[in-house]
Amino acid sequence: MSKLSKGQSPQILWIGCSDSRVPETTILGLQPGDVFVHRNIANVLPPTDLSSQAVITYAVAHLKVKQVVVCGHTSCGGVAAALANGRLGVIDTWLLPLRQLRKKHKASWDKENLSEDDRKIRLVEENVRQGVQTVREHHDVVAASKEGRISVHGLVYDVGSGSLREIECGEEEEEGKAREEAFHVN
């Protein structure tokens, strides 16, 4: 622990849910000081949230992390709430991006005749993909990507099994170039 008092140099920024069942260092098999962390309800990552944007800036520009992980999880209460229609007060505002994703994908999920549990998994995955996109559009991540010193991953943690899986968050080369042009700042 005395080493930790001298500073930190984590290689990973973890953006995840506040859920107490999703302890990032335990999941990754790492130690205190190995992971810089930002957590909130349902790992929602709106580009206008100053807290998450400040965390990304500090992690990427100052700590020089090499990996950014956006991680969702099964049995997420925030996802379940976004799929339900109950009034939750201020949490409703926070969950708005999830409800927008629900609306966007409803027709295709209906067409696939997805069960309620499958819809929860899909919303977790779509939220992670949206979070990955938000991270990739952050100006410090754009600069670090251009320098080839960072990668961004989308993961889903299964609370029941303890397994972690990467989800497809790829993009076409042209999309990456367009993002670099649109979001790079000097």
Side-chain angles (χ1 to χ4, degrees), residues 1-76 78-79 97 124-173 175-177 179-186:
M1 287 296 178
S2 65
K3 177 184 165 192
L4 293 177
S5 69
K6 295 179 182 18
Q8 62 179 328
S9 56
Q11 300 298 299
I12 300 168
L13 166 59
W14 176 281
I15 299 169
C17 183
S18 299
D19 192 306
S20 63
R21 301 168 295 170
V22 188
E24 61 287 328
T25 48
T26 303
I27 291 168
L28 297 173
L30 298 173
Q31 298 297 314
D34 291 341
V35 183
F36 196 68
V37 178
H38 178 75
R39 292 171 70 165
N40 64 48
I41 294 173
N43 62 283
V44 174
L45 198 55
T48 55
D49 176 49
L50 294 179
S51 177
S52 60
Q53 295 300 300
V55 167
I56 294 167
T57 291
Y58 188 72
V60 175
H62 301 282
L63 294 175
K64 308 285 188 205
V65 297
K66 292 178 173 51
Q67 310 282 327
V68 178
V69 170
V70 178
C71 187
H73 67 93
T74 60
S75 303
C76 180
V79 166
V124 167
E125 293 170 347
E126 292 304 329
N127 185 40
V128 168
R129 285 186 184 97
Q130 182 63 52
V132 166
Q133 180 179 331
T134 298
V135 170
R136 286 178 174 161
E137 291 174 352
H138 188 284
H139 61 276
D140 289 312
V141 175
V142 169
S145 294
K146 193 172 180 180
E147 296 167 7
R149 64 175 178 85
I150 199 163
S151 59
V152 182
H153 308 276
L155 304 177
V156 174
Y157 176 67
D158 187 313
V159 172
S161 71
S163 65
L164 192 62
R165 68 179 169 89
E166 188 159 8
I167 62 169
E168 177 59 41
C169 296
E171 64 184 1
E172 299 295 321
E173 185 176 338
E175 188 177 345
K177 287 179 182 177
R179 182 188 66 250
E180 185 178 300
E181 182 180 320
F183 295 99
H184 179 74
V185 294
N186 295 321

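Numbering starts at 1 and runs along the sequence shown. All values below come from the heavy atoms of this structure, side chains included, with hydrogens, waters and symmetry mates left out.
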Do you know which two heavy atoms are closest between Pro97 and Val44, and how far apart they sit? CG-CG1, 3.7 Å

Considering non-hydrogen atoms only, spot the tightest contact between Val152 and Arg136 and give its length. O-NH2, 4.1 Å

If we ignore hydrogens and angles and just use 3.5 Å, is the side chain of Arg21 paired with the main-chain N or O of His73 as donor and acceptor? no

Evaluate side-chain contact (heavy atoms from CB on, under 4.5 Å) for Thr25 paired with Val37, printing each intermediate quantity in order. CA-CA 10 Å; Thr25 48; Val37 178; 5.9 Å; no

Considering non-hydrogen atoms only, spot the tightest contact between Ser18 and Arg39 and give its length. O-NH2, 3.3 Å

Compare every heavy atom of Cys76 with every heavy atom of Cys17, then report the nearest pair and how far apart it is. SG-SG, 4.3 Å

What I'd like to find out is whether the side chain of Asn43 reaches to under 4.5 Å of the side chain of Val128, using heavy atoms alone. yes

Nearest heavy-atom contact between Leu63 and Pro10 is CD1-CG, 3.9 Å

Evaluate the side-chain proximity of Asp19 to Val159: yes if any heavy-atom separation is below 4.5 Å, no if none is. no

Testing the basics here: between Ser51 and His38, what is the closest heavy-atom pair and its distance to 0.1 Å? OG-CE1, 3.3 Å

Tell me, with the steps shown, if Glu125 and Arg165 meet salt bridge (Lys or Arg N to Asp or Glu O under 4.0 Å). CA-CA 11 Å; Glu125 293 170 347; Arg165 68 179 169 89; 2.5 Å; yes

Do the side chains of Gln67 and Gln11 get nearer than 4.5 Å, heavy atoms only? no

Quick one: are Cys71 and Leu164 in side-chain contact, heavy atoms under 4.5 Å? yes

Spatial distance of atom OG1 (Thr74) from atom OH (Tyr157) [nearest 0.5 Å]: 8.0 Å

Is a side-chain N or O of Asn127 found less than 3.5 angstrom from the main chain of Gly72, in a donor-acceptor match? no

Between the side chains of Asp140 and Thr57, is a donor N or O closer than 3.5 angstrom to an acceptor N or O? yes

Nearest 0.5 Å, please: how far is CD1 in Ile167 from NE2 in His153? 12.5 Å

Tell me, with the steps shown, if Leu30 and Ile12 meet side-chain contact (heavy atoms from CB on, under 4.5 Å). CA-CA 11 Å; Leu30 298 173; Ile12 300 168; 3.9 Å; yes

Does Lys66 have more than 12 heavy atoms from other residues, nucleotides or ligands lying within 6.0 Å of its NZ? no

Atom CG of Asp34 and atom CG of Leu28: how far apart are they, to the nearest 0.5 Å? 9.0 Å

May I ask you to test the Val22-Ile27 pair for a side-chain heavy-atom distance under 4.5 Å? yes

Distance only, no hydrogens: is a donor on one side chain within 3.5 Å (strictly under) of an acceptor on the other, for Gln133 and Glu137? yes

Any side-chain heavy-atom pair of Val55 and Leu13 under 4.5 Å: yes

Between Val65 and Val60, does a side-chain contact (heavy atoms from CB on, under 4.5 Å) hold up when you go through it step by step? CA-CA 5 Å; Val65 297; Val60 175; 4.2 Å; yes

